[in-house]
Chemist: 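Take a look at this one; I'll ask things after.
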Amino acid sequence: MNPDVIKHLVSMRHSPLYNYIVPGLTSWLIMDNGELGKIRLFESSREQQEFITPHSHRFDFTACVVRGQVENTLWVEGEGDKYMMTQTKYLGEPGKYESRPIKEKRYTTDTLTHTEGDWYGMKFSDIHSIKFSRGAFVLFFEGVSKTNTTYILEPFVDGEHIPTMKTEPWMFKKE
């Protein structure tokens, strides 16, 4: 990507949320069009080792990898391992949710690696997890909210739901 484009994005970013789900990932706001959607810039300061719980979003989105790479893993019902699908209701602030288990199902995964210049997108009902490289910049176009609930997948092992989705005090830090 043209270095001038990156400089321009950096000059426009504001309202950071540090450690956005994983250490070293920052969500910067570029533009907020209220109910019409937002443009964010995700920046990763370290090679992500931590697993992000598979989840859906409340909106459709499209993203462009400006620098670095991301591994986007899509989760679909299939012959894979058992997971508990949990419904989470967004309570108006990152990390604030009300959750309830819905049903257990088997899921398989398909991982795609996206590099500089690649675009990818998802519908609000799709479930994914994602991994960012150190130095990654991803321009994220968040569409109109279509629901106030999302779905997460957590392991279901030996008849037991293992709750891996957690919000820790170090997540979603503001300036």
Side-chain angles (χ1 to χ4, degrees), residues 9-10 12-35 37-59 61 63 65-75 81-104 107 109 111 122 124-143 145-158 160-175:
L9 287 170
V10 167
M12 292 176 67
R13 67 187 186 180
H14 59 92
S15 305
L17 289 174
Y18 298 105
N19 296 324
Y20 193 85
I21 304 170
V22 294
L25 183 62
T26 302
S27 172
W28 296 94
L29 195 57
I30 300 290
M31 185 180 68
D32 185 347
N33 251 357
E35 292 180 12
K38 296 178 175 63
I39 300 175
R40 299 182 181 281
L41 178 65
F42 286 103
E43 178 181 10
S44 183
S45 66
R46 50 185 289 127
E47 192 72 31
Q48 181 184 328
Q49 302 300 324
E50 298 76 17
F51 181 73
I52 293 179
T53 301
H55 61 281
S56 65
H57 289 267
R58 297 181 313 278
F59 44 80
F61 75 83
V65 180
V66 175
R67 183 173 74 193
Q69 72 177 34
V70 297
E71 292 177 13
N72 191 32
T73 301
L74 302 174
W75 296 71
D81 294 325
K82 283 186 184 178
Y83 287 85
M84 177 61 73
M85 177 181 271
T86 299
Q87 182 182 53
T88 61
K89 182 178 179 184
Y90 182 63
L91 300 178
E93 190 176 326
K96 305 288 185 200
Y97 309 98
E98 186 177 276
S99 299
R100 67 182 182 94
I102 302 292
K103 59 187 167 190
E104 76 177 72
Y107 287 85
T109 61
T111 301
M122 293 177 44
F124 76 100
S125 56
D126 294 336
I127 296 176
H128 82 133
S129 52
I130 194 156
K131 183 177 180 183
F132 294 82
S133 69
R134 180 184 323 111
F137 271 27
V138 176
L139 196 54
F140 187 87
F141 298 86
E142 177 181 316
S145 285
K146 298 191 175 210
T147 181
N148 68 345
T149 59
T150 61
Y151 295 91
I152 61 170
L153 301 179
E154 299 172 303
F156 193 85
V157 180
D158 297 327
E160 183 180 358
H161 168 205
I162 311 295
T164 55
M165 174 72 166
K166 300 192 183 333
T167 301
E168 302 291 347
W170 52 263
M171 293 178 172
F172 309 110
K173 292 290 184 182
K174 297 179 181 180
E175 285 188 325

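Just so it is clear, the structure is predicted and the values come from calculations on it, not from any experiment. Along the sequence shown, residues carry numbers from 1.
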Chemist: Please check: side-chain N/O of Glu43 versus main-chain N/O of Val10, any donor-acceptor pairing under 3.5 Å?
Modeler: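 It does not hold such a pair.
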Chemist: Do His57 and His128 have side-chain heavy atoms sitting under 4.5 Å apart?
Modeler: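 Contact flag for His57/His128 side chains = yes.
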Chemist: Measuring only between side-chain heavy atoms, which start at C-beta, is Lys131 closer than 4.5 Å to Val70?
Modeler: no
Chemist: What class does the angle between the rings of Trp75 and Phe51 fall in, given that below 30° is parallel, 30 to 60° is tilted and above 60° is perpendicular?
Modeler: perpendicular
Chemist: Can you tell me how far the OG1 atom of Thr147 sits from the CD atom of Gln87, to the nearest 0.5 Å?
Modeler: 7.5 Å
Chemist: So how far is it from Arg40 CZ to Leu17 CG, rounded to the nearest 0.5 Å?
Modeler: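 The CZ atom of Arg40 sits 7.0 Å away from the CG atom of Leu17.
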Chemist: Rounded to the nearest 0.5 Å, what's the gap from NZ on Lys82 to NE2 on His161? Could you check?
Modeler: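 One finds 14.0 Å between NZ of Lys82 and NE2 of His161.
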Chemist: With a 4.5 Å heavy-atom cut-off, do Phe141 and Phe61 have their side chains touching?
Modeler: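 Not in contact.
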Chemist: Rounded to the nearest 0.5 Å, what's the gap from CZ on Phe156 to OH on Tyr107? Could you check?
Modeler: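 Between atom CZ of Phe156 and atom OH of Tyr107 there are 13.0 Å.
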Chemist: For residues Arg67 and Gly135, report the shortest heavy-atom separation together with the two atoms involved.
Modeler: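 Nearest pair, atom of Arg67 first, then Gly135: NE-O, 2.7 Å.
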Chemist: Phe172 and Thr167: side-chain contact (heavy atoms from CB on, under 4.5 Å), yes or no, with the steps?
Modeler: CA-CA 9 Å; Phe172 309 110; Thr167 301; 4.1 Å; yes
Chemist: One pair to check against side-chain contact (heavy atoms from CB on, under 4.5 Å): Leu25 and Phe42. What are the steps and the verdict?
Modeler: CA-CA 7 Å; Leu25 183 62; Phe42 286 103; 4.2 Å; yes
Chemist: What is the minimum heavy-atom distance between Asn19 and Gly24, and which atoms define it?
Modeler: OD1-N, 2.8 Å
Chemist: Answer yes or no: is there a side-chain heavy-atom contact under 4.5 Å between Ile30 and Arg13?
Modeler: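 Result yes, sub-4.5 Å side-chain heavy-atom pair found.
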Chemist: So, taking the atom named CZ in Phe132 and the one named CZ in Phe137, what distance separates them when rounded to the nearest 0.5 Å?
Modeler: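 Atom-to-atom, Phe132:CZ and Phe137:CZ are 12.0 Å apart.
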Chemist: Could you check if a side-chain atom of Arg100 sits within less than 4.5 angstrom of a side-chain atom of Ile102, using non-hydrogen atoms only?
Modeler: yes
Chemist: Rounded at 0.5 Å granularity, tell me how far CE in Met165 sits from CD1 in Ile52.
Modeler: 10.0 Å
Chemist: Is there a donor-acceptor pair under 3.5 Å between the side chain of Asn33 and the backbone N or O of Lys38?
Modeler: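 Between the backbone of Lys38 and the side chain of Asn33 there is no qualifying donor-acceptor contact (under 3.5 Å).
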Chemist: Hey, does Ile39 have a side-chain heavy atom less than 4.5 Å from the side chain of Met12?
Modeler: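 Sidechains of Ile39 and Met12: no contact.
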Chemist: Given side-chain contact (heavy atoms from CB on, under 4.5 Å), test Asp81 with Tyr83 step by step and report yes or no.
Modeler: CA-CA 7 Å; Asp81 294 325; Tyr83 287 85; 3.8 Å; yes
Chemist: Between Ser133 (side chain only) and Gln69 (backbone N and O only), is there a donor and an acceptor less than 3.5 Å apart?
Modeler: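 Indeed, once roles are kept as given, a pair shorter than 3.5 Å links the two residues.
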Chemist: Indicate yes or no: at least one non-hydrogen side-chain atom of Val22 is less than 4.5 angstrom from one of Arg46.
Modeler: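 No, side chains not in contact.
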Chemist: Given side chains that start at C-beta, do those of Thr86 and Glu154 come closer than 4.5 Å, heavy atoms only?
Modeler: yes
Chemist: Walk me through it: do Thr88 and His55 pass the test side-chain contact (heavy atoms from CB on, under 4.5 Å)?
Modeler: CA-CA 10 Å; Thr88 61; His55 61 281; over 6 Å; no
